[in-house]
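Okay, structure first, notes after.
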Amino acid sequence: MPAVVAQVMQKAPLTPEKVAFAWRQAVGPAIDKSTSVHLAESGTLHVRAESPAWLAAIRKSRSLIHIRLADLLGEDTVKTIEFR
């Protein structure tokens with residue numbers, strides 16, 4: 001089933017809702033609830049977290065999150081991830 005979701009996601013137009021959905025799928029509901037994301041036109045994903053602890057957890061999983069986002073959004077959609 002995840003492969004089917006990825007195929008459908010990659011074909012859909014890039015919208016803030018699509019980015020939010022991909023983020024939720026990549027990080028899970030707990031982190032999603034404590035963060036917000038914005039994808040800039042440059043391909044930089046800006047991540048804000050409610051606390052430094054959540055930022056630390058996300059930083060540790062940065063490469064895995066990037067792989068999951070690439071699977072859902074397409075290989076070149078998210079070029080970098082920045083944290084605030």
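All figures in this text were calculated on a predicted structure; none of them were measured in a lab.
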If the condition is salt bridge (charged side-chain N to carboxylate O under 4.0 Å, His left out), which residues does Arg48 pass it with, not counting sequence neighbours? none
Quick check: are there more than 12 heavy atoms from other residues, nucleotides or ligands sitting under 6.0 Å from NZ of Lys79?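 Yes - once you tally the heavy atoms of other residues, nucleotides and ligands closer than 6.0 Å, there are more than 12.
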Is there a donor-acceptor pair under 3.5 Å between the side chain of Lys18 and the backbone N or O of Met9? yes
Arg62 side-chain N/O to Ile81 backbone N/O, donor-acceptor pair under 3.5 Å: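 Yes; at least one donor-acceptor contact below 3.5 Å.
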Just to verify, what does [X] make a side-chain contact (heavy atoms from CB on, under 4.5 Å) with, not counting sequence neighbours?
X: Ser63; result: none
X: Ile31; result: Trp23, Val27, Thr35, Trp54, Ile58
X: Leu64; result: Arg68
X: Glu82; result: Thr44, His46

Name each donor-acceptor pair under 3.5 Å that joins a side chain in residues 69-77 to protein atoms two or more places apart or in another chain, with its distance.
{"residue": "Thr77", "atom": "OG1", "partner": "Leu73", "partner atom": "O", "Å": "2.8"}

Per the side-chain contact (heavy atoms from CB on, under 4.5 Å) rule, which among Val37, Asp32, Val19 passes with Arg24? Asp32
Cluster check Ile67, Val47: I/L/V/M/F/W/Y, side chain < 4.5 angstrom: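 Not linked; separate clusters.
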Spatial distance of atom NZ (Lys60) from atom CG (Leu55) [nearest 0.5 Å]: 12.5 Å
Flag the pair Leu39 / Val78 as yes when at least one side-chain heavy-atom distance between them is below 4.5 Å, and no otherwise.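 With C-beta onward as the side chain, the pair touches.
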